[in-house]
Every structure is written in structure tokens, then in C-alpha cells.
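Working notes for the structure below.
Residue numbers begin at 1 in each chain, while the letters A, B, ... track the order of the sequences. Please read these numbers as outputs of a predicted model, since none were measured by experiment.
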2 protein chains.
Amino acid sequence: MPPETINRCPLKTREEEIMDKALEMMTAQGVAGLTIDKLVANVPYSKGTIYNHFTCKEDILTGLCNRSVQNLYDLFCHAASFNGSSREKILAIGYAYMLYSLLHPTEFMLVISAKTPSIFEKASDKRREQHLALEHKLLDSILHVISEGLTEGDFKLQNHLSPAQVAFALWSMCFGTILLLHESLDRCSVRTEMKLERELINHANLMLDGLNWQPYTQAHDWNETIKQYKTDLFPNEIRQLKQLQTT
Amino acid sequence: MPPETINRCPLKTREEEIMDKALEMMTAQGVAGLTIDKLVANVPYSKGTIYNHFTCKEDILTGLCNRSVQNLYDLFCHAASFNGSSREKILAIGYAYMLYSLLHPTEFMLVISAKTPSIFEKASDKRREQHLALEHKLLDSILHVISEGLTEGDFKLQNHLSPAQVAFALWSMCFGTILLLHESLDRCSVRTEMKLERELINHANLMLDGLNWQPYTQAHDWNETIKQYKTDLFPNEIRQLKQLQTT
DNA sequence: CGTTATTTTGACGAATCGTCACTTATAAAA
DNA sequence: TTTTATAAGTGACGATTCGTCAAAATAACG
């Protein structure tokens with residue numbers, strides 16, 4: 001018999017260990033900098049062992065992506081706990097999304113690349129299913145705030161929009177904005193004049209106004225709300241971010 | 001002396017020929033299916049000649065991406081020529097963006113991958129500059145419709161938003177929506193219940209309502225406008241799309 | 001200790017990228 | 001026409017990289 005009880009736990013740790021090192025290498029040398037051979041050299045296991053945990057390189061990437069979505073989910077839940085109106089909560093989720101993309105650029109980019117057929121198709125079924133489940137969870141956390149807004153009467157569904165459609169509208173809008181303005185991407189021509197935080201808030205407010213989600217942009221001091229995000233809701237993340245920017 | 005006048009023209013043709021074949025291979029076998037060796041085998045030129053036109057594989061991808069942005073620009077201009085209100089024109093641009101992504105999925109995905117540092121950094125300076133210039137042109141075509149809407153009094157700039165910010169808001173929103181709902185991406189968990197055309201129009205209308213861009217969603221028959229897009233503005237594209245879907 | 005089941009290992013084959021020394025083609029000069 | 005200079009084309013080659021697999025190491029059990 002093989003080592004059962006003894007190895008079950010270390011096995012999980014080892015998987016994390018491999019992913020940690022892979023992420024470290026990618027952060028240092030870009031996605032293309034991750035090489036199985038180099039990874040083997042930086043990890044106390046051999047190539048065969050790595051291929052025992054992951055079916056291929058793309059499987060490692062998808063695994064990292066999943067871990068990332070889980071972390072993002074946790075941050076979304078924290079954002080939804082903001083002590084304020086439902087509109088402030090939904091905006092906080094968008095803000096959390098942005099913070100995450102800035103704090104963990106490599107992982108954020110990974111979430112996109114992992115959606116690419118060339119990567120996703122090669123990943124193992126196990127990690128693929130995991131990914132879909134996690135994504136669902138993420139959307140649910142947004143849906144939760146939406147139903148809160150509905151029950152509190154802060155906005156009404158119009159034009160035959162379902163809550164899921166509203167959630168998706170907000171999500172895709174944040175996603176597009178962050179993606180196009182992300183530092184990790186080589187500056188688009190627009191990038192020069194645009195500041196991510198400002199534009200994200202603008203876009204979100206435009207869409208929330210379009211939804212007639214109270215209070216309107218004009219009827220509230222949103223700068224004050226954002227200040228609260230920074231000081232009360234995400235003080236740790238803001239501090240980390242400042243640290244990151246000075247180095 | 002080398003062949004000057006005689007070769008200058010064929011050189012350009014040859015470059016197109018190589019890119020055409022590369023695109024064909026990628027459409028058939030995915031982005032990973034494109035291999036220099038395979039490309040050499042499918043083209044009447046040798047590897048050395050290819051490397052004479054392109055510095056590396058990534059340079060070919062960026063070249064294809066640029067060609068794609070140019071085509072998209074042409075489509076945007078056509079959309080902006082729609083015979084209707086400024087809001088109808090701006091919505092037509094979003095619709096054109098979607099049509100393009102459906103008609104040329106490989107090229108659409110390329111526009112994203114080409115923004116990835118691992119690709120963009122390796123491309124030649126020449127193609128990088130070209131890319132930025134093309135992207136600027138693309139944004140300008142949107143800006144043009146925005147200033148039209150402003151001069152016609154269909155909406156007003158509010159909250160200190162500049163025309164460029166409005167253009168960017170609309171662009172990034174369309175981009176995010178199309179990207180997340182694109183067939184080329186493996187279905188997100190949301191994908192199942194969402195239809196690209198419907199959601200794109202929804203999102204655009206939400207944002208345009210937020211901008212107070214007249215006429216409001218409720219005050220106009222947008223289904224009729226979309227029907228006009230299909231029959232009057234993009235009859236060829238719609239036909240091609242139907243052909244594509246039946247095969 | 002010996003046997004059996006499992007994990008770990010790294011050398012290997014296959015595929016791919018990009019280079020470079022050499023060949024071919026073309027046009028000006030003799 | 002022949003020669004020569006220069007550009008363009010070629011494909012064999014070295015260098016990487018991926019993923020496999022037979023053999024070695026390890027652990028449990030009799």
C-alpha cells in the first residue's frame with residue numbers, strides 16, 4: 001500500500017506549492033516565462049510529479065485561474081457587506097473588482113487567458129467544472145445585491161430585464177473597462193488620458209443611472225462613498241496597493 | 001542593384017498572401033494551430049522569406065490584428081452613415097462591432113491576444129506603431145458621432161465627462177459584453193441564458209439612457225431600428241452571417 | 001526480510017522556433 | 001555579352017520546450 005494518511009495532506013500543499021511558484025515565475029517573467037523545465041528547476045519535485053498533479057501546462061494555468069476566482073469571490077462578499085445603500089454596495093463590488101485587478105495583475109490576466117479555447121480546452125475536466133462552478137458563485141454574489149436593491153425598492157426591473165441580465169450588464173461593463181485600462185496591457189491609444197478608477201466609477205454610474213437605481217449620480221456624494229471604500233471597506237488592499245506602487 | 005520597381009508591389013501582395021494563409025490556418029485549427037513550419041508548408045515561400053517580412057510569429061499575429069482593426073474601422077464608418085438620429089448611429093456602431101466579432105471570430109480574438117504583453121512586446125516597432133495609430137482612428141470614428149449628437153442637442157455632457165470619456169465608456173462596454181458572450185470563448189456559466197445581440201442592445205441602451213441621450217429607450221421603437229440595421233445598413237453582413245450559421 | 005503497490009525520477013523523442021551560411025535572381029557596369 | 005554587386009530566398013541546424021515512460025525509490029504489509 002502507498003502512503004495514504006500521511007500523504008493526503010502534503011499532496012494538497014504540494015499542489016499549492018507548485019502553483020505558487022508558477023505564479024511567481026509568471027509575475028517575474030510574463031506568462032511566456034513559465035516553462036515546465038524552469039518550473040521543475042525551481043521546485044523540489046521532478047517533472048513527472050508535476051504531471052501527476054496537472055495534466056499539462058494549461059491545467060496549471062486553469063488551476064491558478066480558479067484560485068483567483070475564489071479570492072475574487074471572497075472580496076466580492078466583503079464588498080457586499082458595505083454599510084450603505086444597495087447602490088453603494090453594487091458599486092463597491094465593481095470597485096473590488098478593480099482593486100483585485102490592480103493588486104494581482106498576473107492573476108487577473110490569467111482569468112482572461114484561461115477563457116481562451118487554446119488553454120481552456122486542454123485543461124482537465126476536473127478543473128474545467130470547478131471553473132464553471134466558481135464563476136457561477138461569483139455571479140450569485142452580484143445577484144444577491146441586486147435582489148436586495150429590488151426588495152428595498154431602490155430600483156425596478158424595466159424593459160423585461162431579469163436580475164441575471166442586470167448582474168451580467170454590470171459585470172461585463174466592469175470587465176471591459178478594467179481590461180482596456182489595465183496596466184498589464186500595453187497602453188491603448190486611449191490609455192494615456194484615462195484613469196482606471198475614475199472611468200470605472202463613471203461607467204458604473206452611467207449604467208446605474210440608466211437602470212434608475214437610486215440614489216442617482218447627481219443626488220449623492222459619490223466621492224465620499226469612494227473615500228469610505230478606501231478607509232473602511234478595503235483599508236488593507238489600499239495599503240498593499242500603495243506599497244506596490246512605490247516599489 | 002536589386003529589383004526595385006518590379007518587386008515593390010509583389011512584396012506587398014506576398015505579405016498579404018502569408019497573412020491570409022496564417023489566418024486560414026488559425027481559423028481551422030485555432031491560434032495554437034499556427035506554426036511557422038506548417039505555414040511554410042502551405043505557402044510557396046520558404047521560412048527565411050517569411051522571416052524577411054515578419055520578425056517573429058507574434059509579428060504575424062500583430063499584422064493580422066492591424067488588418068482587422070482597419071476592417072473594423074471601415075465598418076464603423078459605414079455604421080455612422082446610418083440615416084437616423086445620433087443615438088441610432090452610435091447604437092449602429094455597437095451593432096457593427098458585434099457583427100464583426102461574429103463574422104470574423106478568429107480576428108476578433110486576435111485583437112485581444114495581440115494586446116497581451118507576451119505577444120505585443122515581441123512584435124516589431126513598425127507594427128506596434130501602426131497598431132496604436134489604427135486604434136486611435138477607430139476611437140475617432142466614435143468621437144465623430146458623439147460630437148454630432150452634441151451639436152444636434154440629443155444629449156449633453158454631464159458630470160465633467162469629456163467626449164473621449166463618453167466614447168470610451170461605450171466602447172469598453174461593448175467590448176466587455178461581446179467578449180464575455182462570444183462563441184469563441186468557452187461558455188461562461190452565464191452564457192447559457194444570454195443572447196449576444198439582445199444583451200448588447202440592452203447594455204448600450206442602459207448606458208445611453210444614463211447619458212440622457214435622446215430618444216430614451218422607452219420613447220422609441222428600437223426593435224424597428226435594429227430591423228433597419230439588418231435590412232438597410234448591413235444586409236451583406238447579415239447574409240454572410242446566416243450562411244456561416246447554416247454551415 | 002521479501003513482496004507488492006505506489007510514487008518519483010529524469011532521460012528521451014517529437015515538435016517548434018529562429019538563425020545563418022549558402023544559393024539563386026536581378027540589374028547595372030564593363 | 002559578360003561580369004559583378006547586391007538583394008532575396010533557402011532549408012539544414014542548434015536550441016528550447018513539452019509530455020512520456022521504463023526504471024528506481026519508497027512505503028505498507030505479511
In sequence, state the C-alpha distance, the side-chain angles, and the governing distance for A:Lys137 and A:Asp140, and then conclude on salt bridge (Lys or Arg N to Asp or Glu O under 4.0 Å). CA-CA 5 Å; A:Lys137 226 169 77 173; A:Asp140 269 351; over 6 Å; no
Is the backbone of A:Leu64 close enough, under 3.5 Å, to the side chain of A:Ser68 for a donor and an acceptor to pair up by distance? no
Side-chain donor/acceptor of A:His203 to backbone N/O of A:Cys174, under 3.5 Å: no
With sequence neighbours excluded, residues passing ring pair (Phe, Tyr, Trp, His ring centres under 6.0 Å) with B:Tyr100: B:His104
What orientation do A:Phe108 and A:Tyr97 show, parallel under 30°, tilted 30 to 60°, or perpendicular over 60°? perpendicular
The ring pair (Phe, Tyr, Trp, His ring centres under 6.0 Å) partners of A:His144 (sequence neighbours excluded) come to none
Identify the pairs formed between an N or O of the protein and an N or O of nucleotides 23-26 of chain D at a distance under 3.5 Å, and give each distance.
none

Starting at atom CG of A:Asp59, determine the distance to atom P of D:dG19, rounded to an integer number of angstrom. 10 Å
Contacts of type side chain to side chain contact (heavy atoms under 4.5 Å, CB included), residue B:Ser46, not counting sequence neighbours: B:Thr49
Which residues share a side chain to side chain contact (heavy atoms under 4.5 Å, CB included) with B:Ala96, sequence neighbours left out: B:Leu75, B:Phe76, B:Ala79, B:Phe234
Interatomic distance where CZ belongs to B:Arg14 and C1' belongs to D:dT10 [whole Å]: 13 Å
Between A:Thr49 and C:dT9, is there a side-chain N or O to OP1/OP2 distance below 4.0 Å? yes
To the nearest Å, give me how far apart CG (A:Asn52) and C1' (D:dG19) are. 13 Å
Protein-proximity profile, nucleotides 12-25 of chain C, B/S/- by nucleotide at the 4.0 Å heavy-atom cutoff, equals ----SBBB------
Starting at CD of A:Glu17 and ending at C1' of C:dT8, how long is that distance when rounded to a whole Å? 15 Å
